[in-house]
J.: 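Can you keep this structure in mind? I'll have questions shortly.
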Amino acid sequence: MLAWLTDLAWLENAGIVALWAVVLARAPQGLKDRAQRPLWFAIVMIALAMSMHLEPVTAVLARLVPGAHWVDLSTHLFSIVDAAAVLWFIFQAAGRQRRTVLVFGAALAVMLALVALDLTGPPHARNQITPSPDIPSVPDAYWYVFFAFHLTADTTCGFVCWAQGRTGAPRLLRYGLRLFGTGILLASLLWVLKLAYLQTRSPVFGPLFSPVTGVEALFIAAGVALPVVAGARQLWRDRASYRGLAVLWRELTAVTPDVVLGSGSRLRNAVLPLQLRLYRRVIEIRDAMIVLRDYVTPDTLDGVRRHVGERTVPEHLADAHVTACWLAAALHARRTGEAPQAQTANLAGPGAGDLGEEVRHLLRIADAYRSPVVREYRAVHVGSG
């Protein structure tokens with residue numbers, strides 16, 4: 001059993017690496033967005049506190065701080081600051097700003113108590129729980145105060161996150177808060193295990209510390225990474241939509257260049273955010289459709305509807321195919337110099353409630369525009385023009 005737990009020691013390193021990866025990924029948004037700044041700083045503090053227990057970090061600290069005992073004490077004092085800061089950040093994010101004095105006042109009292117217990121204890125080389133009470137170290141009261149503060153702070157953080165993640169928040173935020181809260185509650189489990197080790201000095205508990213810390217870090221990283229993953233998915237969807245509308249956009253704007261916003265240069269477009277470029281493409285397609293509808297006669301529209309009705313087209317795609325066909329007819333009429341006629345029918349269709357709905361509507365038209373049904377209509381009724 002102990003050997004199996006030892007094999008899981010890599011979880012701690014994996015969890016800490018994941019935390020730092022999330023810190024870097026969320027840094028631009030966390031620094032710019034005031035609403036997300038508390039959570040981002042909380043993750044930074046957690047990652048720092050966990051990293052200070054890794055051997056490469058403690059080796060560097062040993063060169064900066066005279067004596068391993070002072071390295072241990074400094075690490076413990078920083079972890080108190082970390083726990084207080086995370087609790088304060090969580091309270092801030094949850095809209096409970098009035099607990100600042102209570103949180104940091106308690107942290108200061110705990111830090112002073114730890115220093116006092118350390119200085120009044122017997123001479124000792126390290127601030128560690130020794131396998132036997134006979135080995136000189138800090139008094140057990142040092143650990144009870146230390147663990148009790150962490151247990152209280154982490155448990156409170158976990159329950160606040162779960163409470164905020166139950167109702168009244170978007171689904172993605174709820175899941176993120178629950179994962180984050182679960183990770184913090186796993187930290188509480190870690191302090192319970194350390195309290196049990198302090199009481200019993202049993203070797204059973206020691207191998208559990210590292211894997212629990214690793215799983216804790218992975219849960220926290222997963223909770224904070226959810227918006228990053230969602231943002232990446234949305235970026236992929238926007239890119240696919242932008243490309244999916246490309247053929248239809250080129251066809252329409254080639255004969256209605258006045259609807260194109262700005263210069264349209266590749267360099268200028270390249271520096272614009274993708275969502276803004278997609279929004280512009282949607283507007284330009286819509287404006288082109290409004291211009292081109294004046295080139296569709298009632299007879300043409302009747303012929304389009306008969307053509308689509310005689311083909312095997314799914315009912316939910318019929319309107320998209322009708323629109324694609326009359327666009328093909330209108331493009332031909334515009335290219336051949338036919339005069340426009342005032343059109344009262346709303347051939348462009350009703351406006352969508354949001355950008356996503358509008359994009360999906362135009363993508364159906366773009367797909368239909370490349371379909372065999374529309375190619376056949378173009379070949380038979382419009383010609384290659």
Side-chain angles (χ1 to χ4, degrees), residues 171 230 232-256 259-261 274-336 338 340-385:
R171 185 180 65 174
R233 288 179 59 189
Q234 186 60 50
L235 182 64
W236 182 85
R237 290 194 191 105
D238 288 348
R239 193 177 302 280
S241 299
Y242 187 77
R243 292 173 177 171
L245 295 174
V247 173
L248 181 64
W249 175 82
R250 281 197 298 268
E251 290 276 327
L252 300 188
T253 56
V255 299
T256 57
V259 305
V260 178
L261 303 172
L274 177 61
Q275 191 170 41
L276 179 57
R277 281 183 279 153
L278 177 61
Y279 182 58
R280 282 181 49 170
R281 181 159 286 186
V282 167
I283 292 175
E284 290 164 358
I285 291 174
R286 271 294 187 180
D287 288 348
M289 291 171 67
I290 291 172
V291 172
L292 290 171
R293 70 182 180 180
D294 291 341
Y295 291 85
V296 182
T297 65
D299 290 341
T300 299
L301 190 57
D302 289 340
V304 164
R305 288 171 176 156
R306 283 196 303 272
H307 175 81
V308 174
E310 293 169 357
R311 270 66 185 172
T312 306
V313 176
E315 184 178 352
H316 69 285
L317 297 178
D319 287 343
H321 281 75
V322 168
T323 301
C325 286
W326 73 249
L327 281 173
L331 286 169
H332 177 72
R334 173 109 172 177
R335 290 190 188 108
T336 55
E338 294 185 20
Q341 301 177 14
Q343 179 62 259
T344 58
N346 183 19
L347 297 182
D354 55 51
L355 178 61
E357 185 180 344
E358 183 70 47
V359 168
R360 288 189 292 272
H361 173 67
L362 292 181
L363 282 172
R364 287 193 291 270
I365 297 173
D367 290 340
Y369 190 79
R370 299 190 296 269
S371 70
V373 173
V374 177
R375 285 202 299 268
E376 181 186 357
Y377 176 83
R378 189 184 294 113
V380 174
H381 301 281
V382 177
S384 60

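Start at 1 with the first residue, then count along the sequence.
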J.: List the residues meeting side chain to side chain contact (heavy atoms under 4.5 Å, CB included) with A240, not counting sequence neighbours, and say none if there are none.
T.: none
J.: Taking the side chain as every heavy atom from C-beta outward, state whether L292 and V296 have any atom pair closer than 4.5 Å.
T.: no
J.: What residues form a side chain to side chain donor-acceptor pair (under 3.5 Å) with Y369, not counting sequence neighbours?
T.: E251
J.: Please enumerate all residues that pass salt bridge (charged side-chain N to carboxylate O under 4.0 Å, His left out) together with E376, with sequence neighbours excluded.
T.: R311
J.: Distance check, rounded to the nearest 0.5 Å: L245 atom CG versus R250 atom CZ?
T.: 11.0 Å
J.: Residues two or more places apart in sequence or in another chain: which of them pass salt bridge (charged side-chain N to carboxylate O under 4.0 Å, His left out) with D367?
T.: R370
J.: Could you go step by step and tell me if R286 and I283 meet the side-chain contact (heavy atoms from CB on, under 4.5 Å) rule?
T.: CA-CA 5 Å; R286 271 294 187 180; I283 292 175; 5.7 Å; no
J.: For residues A366 and G244, report the shortest heavy-atom separation together with the two atoms involved.
T.: CB-O, 3.6 Å
J.: To check you understand the geometry: which heavy-atom pair defines the closest contact between E284 and W249, and what is its length?
T.: OE1-NE1, 2.7 Å
J.: State, to 0.1 Å, how close T300 and A329 come at their nearest heavy-atom pair, and which atoms those are.
T.: CG2-CB, 3.7 Å
J.: Compare every heavy atom of V374 with every heavy atom of A368, then report the nearest pair and how far apart it is.
T.: O-CG2, 2.9 Å
J.: Within the 4.5 Å heavy-atom criterion, are I365 and I285 side-chain neighbours or not?
T.: no
J.: Taking all non-hydrogen atoms of both residues into account, name the closest pair between V373 and H307 and its distance.
T.: O-NE2, 2.9 Å
J.: Can you name the side chain to side chain donor-acceptor pair (under 3.5 Å) partners of Q234, sequence neighbours left out?
T.: D238
J.: Under 4.5 Å between any side-chain heavy atoms of V291 and D287, yes or no?
T.: no
J.: What's the shortest heavy-atom distance between M289 and W326, and which atoms?
T.: O-CH2, 3.8 Å
J.: Could you pull out all residues at least two apart from A288 that satisfy side chain to side chain contact (heavy atoms under 4.5 Å, CB included)?
T.: L252, T256, V259
J.: Can you confirm whether Q275 sits close enough to L278 that some side-chain heavy atom of one is under 4.5 Å from a side-chain heavy atom of the other?
T.: no
J.: Measure from the side-chain N and O atoms of R281 to the backbone N and O of Y242, and report whether any donor-acceptor pair falls under 3.5 Å.
T.: yes
